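Here the structure is a predicted model, which is why all the values come from computation and not from measurement.
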Amino acid sequence: MRRGKYDRLRYQLGGALLLAAVIPFLLRVLAIDSAAQMVPVTQAFYGTVLAIVIGYALFHNVSAYPGVEKAAYVLPAFSLSFATLMLIFFMTRLEYNRIMIFSGYTLSVIWFLVMHSRRQRQNVLRVGILPFGMRLEADHIPGVEWVLLSDPTTPVAGLDAVAADLRTDLPSEWDRRLADFALAGLPVYHTKHLVESLSGRVELEHLSENSFGSLAPISAWMSVKNVLDWIAAALAAILLAPFLLIIGIAIRMTSPGPALFRQQRIGYKGEPFTVYKFRTMVAVRDVTCERNEAMTRPDDVRIAPLGRFLRRSRIDELPQIINILRGEISWIGPRPEAQILSRWYEEELPFYRYRHIVKPGITGWAQVCQGHVTDLDDVRSKLHYDFYYIKHYSPWIDMLIVVRTVRTMLTGFGSR
């Protein structure tokens with residue numbers, strides 16, 4: 001076990017140092033024209049190495065829970081270490097190369113997010129669970145093996161953690177045993193919180209009044225995010241305008257109908273708005289059922305050939321930049337549903353309207369974890385992801401969604 005941790009440390013930290021420090025340093029050295037330019041480059045290199053090591057140590061010491069929540073600590077850990085490095089350079093007035101520091105920070109964050117995501121898919125956690133309170137089936141969460149601890153004397157060798165429903169009054173012998181686990185360095189987690197962290201979902205069926213209230217998002221981050229959304233959308237509109245124009249012309253030339261698709265959807269605070277997307281379907285109406293017309297089925301025959309590519313790559317979502325500039329949606333948030341579907345879901349699913357407490361987004365936690373769904377059972381599952389996002393509403397989970405969105409665009413995951 002200890003050998004495996006050492007190998008993982010060497011691989012993760014060594015890869016980060018190579019990708020984010022050594023390679024940028026060598027590339028910069030090759031571009032140097034004079035010896036005087038070597039000093040700031042060298043000092044930036046040593047500073048980057050130090051910041052990566054400190055960031056790695058912070059990441060593995062402050063992340064209390066495994067799974068999704070652990071990945072959310074990557075950005076704050078490395079932001080703090082590189083911010084400290086910049087403060088040292090400022091206070092000591094040492095010369096440094098800004099490009100190397102910025103590339104080191106960016107590549108470190110990307111590296112550890114990718115490594116964590118890969119490790120999470122490959123590794124199997126062995127978690128012991130107490131026979132009290134909230135119980136789980138062994139196949140409830142992929143990549144987790146649940147081991148029932150039937151009594152306090154059950155061996156725990158080989159376990160990565162122990163889960164207990166801490167809301168339950170446990171027998172005194174179990175209270176002492178859990179304390180022994182913690183003192184021995186075996187993590188002890190509250191079952192509900194551990195399940196949320198591993199699955200990236202908040203199960204609505206188990207929301208008490210207090211835990212429901214805890215889902216209120218952080219308003220300070222919401223205000224900052226609105227400003228950043230608008231700035232990013234304005235820049236994207238300017239830079240992508242020629243590309244968007246070409247896509248619009250291609251749509252008009254390959255299938256009859258307008259280039260843009262407009263639809264009434266439900267947004268922030270339950271207010272309706274008109275969403276703009278590139279049209280990906282042929283203009284055929286389902287006069288028998290308006291709800292069916294709003295749904296996109298697997299291998300939907302209405303999707304045009306070009307439209308299938310636009311959906312798979314998510315390029316069809318780009319005209320929603322207009323909605324961001326108008327303050328109706330965000331880059332990241334729960335997917336806004338068609339008005340006819342949203343009203344249906346509100347009638348059938350408890351707490352569905354609560355997802356409107358934050359702005360909807362072009363991409364979101366449910367989209368990168370589950371993909372596009374319309375059936376009622378799948379939407380109920382999707383709502384668990386939306387509630388997880390709202391509960392952990394922060395810049396850290398937004399950064400994790402950005403990284404996963406890039407993967408989604410490259411693989412076409414969840415598209416219809």
Side-chain angles (χ1 to χ4, degrees), residues 4-32 38-92 94-123 197 221 228 232 331-332 363 368 392 394-410:
K5 289 184 177 180
Y6 174 76
D7 291 340
R8 187 164 62 248
L9 167 67
R10 182 174 60 182
Y11 178 70
Q12 292 183 346
L13 186 57
L17 291 173
L18 177 63
L19 177 68
V22 175
I23 293 179
F25 172 71
L26 294 177
L27 292 175
R28 198 63 187 168
V29 168
L30 293 176
I32 288 178
M38 191 66 187
V39 175
V41 171
T42 303
Q43 292 180 161
F45 169 72
Y46 289 130
T48 300
V49 170
L50 181 62
I52 291 173
V53 173
I54 294 175
Y56 181 81
L58 287 173
F59 170 59
H60 281 276
N61 281 281
V62 302
S63 50
Y65 287 88
V68 174
E69 288 187 12
K70 189 179 179 83
Y73 285 95
V74 171
L75 185 60
F78 284 93
S79 295
L80 180 60
S81 66
F82 275 86
T84 303
L85 173 64
M86 295 299 295
L87 181 62
I88 292 173
F89 278 136
F90 176 78
M91 296 295 292
T92 59
L94 291 173
E95 294 184 83
Y96 63 94
N97 185 277
R98 292 179 177 83
I99 296 178
M100 282 193 60
I101 298 295
F102 177 77
S103 63
Y105 168 71
T106 304
L107 293 173
S108 297
V109 169
I110 294 174
W111 170 263
F112 280 104
L113 283 174
V114 171
M115 287 298 99
H116 172 78
S117 177
R118 179 182 175 186
R119 182 188 170 199
Q120 188 178 346
R121 291 195 303 269
Q122 294 178 344
N123 283 15
S197 177
W221 168 236
L228 296 178
W331 286 101
I332 299 172
T363 185
V368 298
H392 298 275
S394 67
W396 321 127
I397 194 170
D398 281 356
M399 172 60 87
L400 185 58
I401 291 171
V402 169
V403 174
R404 292 197 177 189
T405 298
V406 174
R407 184 196 68 180
T408 300
M409 294 176 67
L410 295 175

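Interatomic distance, F59 CZ to F112 CZ, rounded to the nearest 0.5 Å: 8.0 Å. Here the straight-line distance linking atom CE of M86 with atom CZ of F102 works out to 11.5 Å at 0.5 Å rounding. Note that the CG atom of L27 and the CD1 atom of I32 stand 11.5 Å from one another [nearest 0.5 Å]. Considering CG of L75 and CG of L113, their distance stands at 7.5 Å, rounded to 0.5 Å. Here D398 contributes atom CG and I332 contributes atom CD1; the two are 4.0 Å apart, rounded to the nearest 0.5 Å. Distance check, rounded to the nearest 0.5 Å: CE of M100 to CZ of R28 gives 8.5 Å.
In terms of heavy-atom proximity, L13 sits nearest to V53 at CD1-CA, 4.3 Å. Contact detail for V109 and V74: the closest heavy-atom pair is O-CG1, 3.8 Å. Taking each heavy atom of W331 and A232 in turn, the nearest pair found is NE1-CB, 3.5 Å. The minimum heavy-atom distance between W396 and P76, with the atom names listed, is CE3-CD, 3.4 Å. The two atoms that bring E95 and F89 nearest to each other are O-CE2, 4.5 Å, heavy atoms only. When all heavy atoms are compared, the tightest approach of I52 to S108 is CG1-OG, 3.4 Å.
With sequence neighbours excluded, the residues that form a ring pair (Phe, Tyr, Trp, His ring centres under 6.0 Å) with Y105 are F82. Partners of L18 according to the side chain to side chain contact (heavy atoms under 4.5 Å, CB included) rule, which considers only residues two or more places apart in sequence or in another chain, are V22, I23.
L85 places none of its side-chain heavy atoms less than 4.5 Å from the side chain of Y96. Between T42 and F25 there is a side-chain heavy-atom pair separated by less than 4.5 Å. In this structure, N97 and P24 have side chains that are not in contact, with every pair of non-hydrogen atoms separated by 4.5 Å or more.
W111 places no side-chain N or O within donor-acceptor distance of the main-chain N or O of L17, the cut-off being under 3.5 Å.
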For this session: Go through the steps for I88 and T84 under the test side-chain contact (heavy atoms from CB on, under 4.5 Å), then give the verdict.
Result: CA-CA 6 Å; I88 292 173; T84 303; 4.3 Å; yes
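Residue pairs satisfying the side chain to side chain donor-acceptor pair (under 3.5 Å) criterion with at least one member in residues 43-52, sequence neighbours excluded, are absent.
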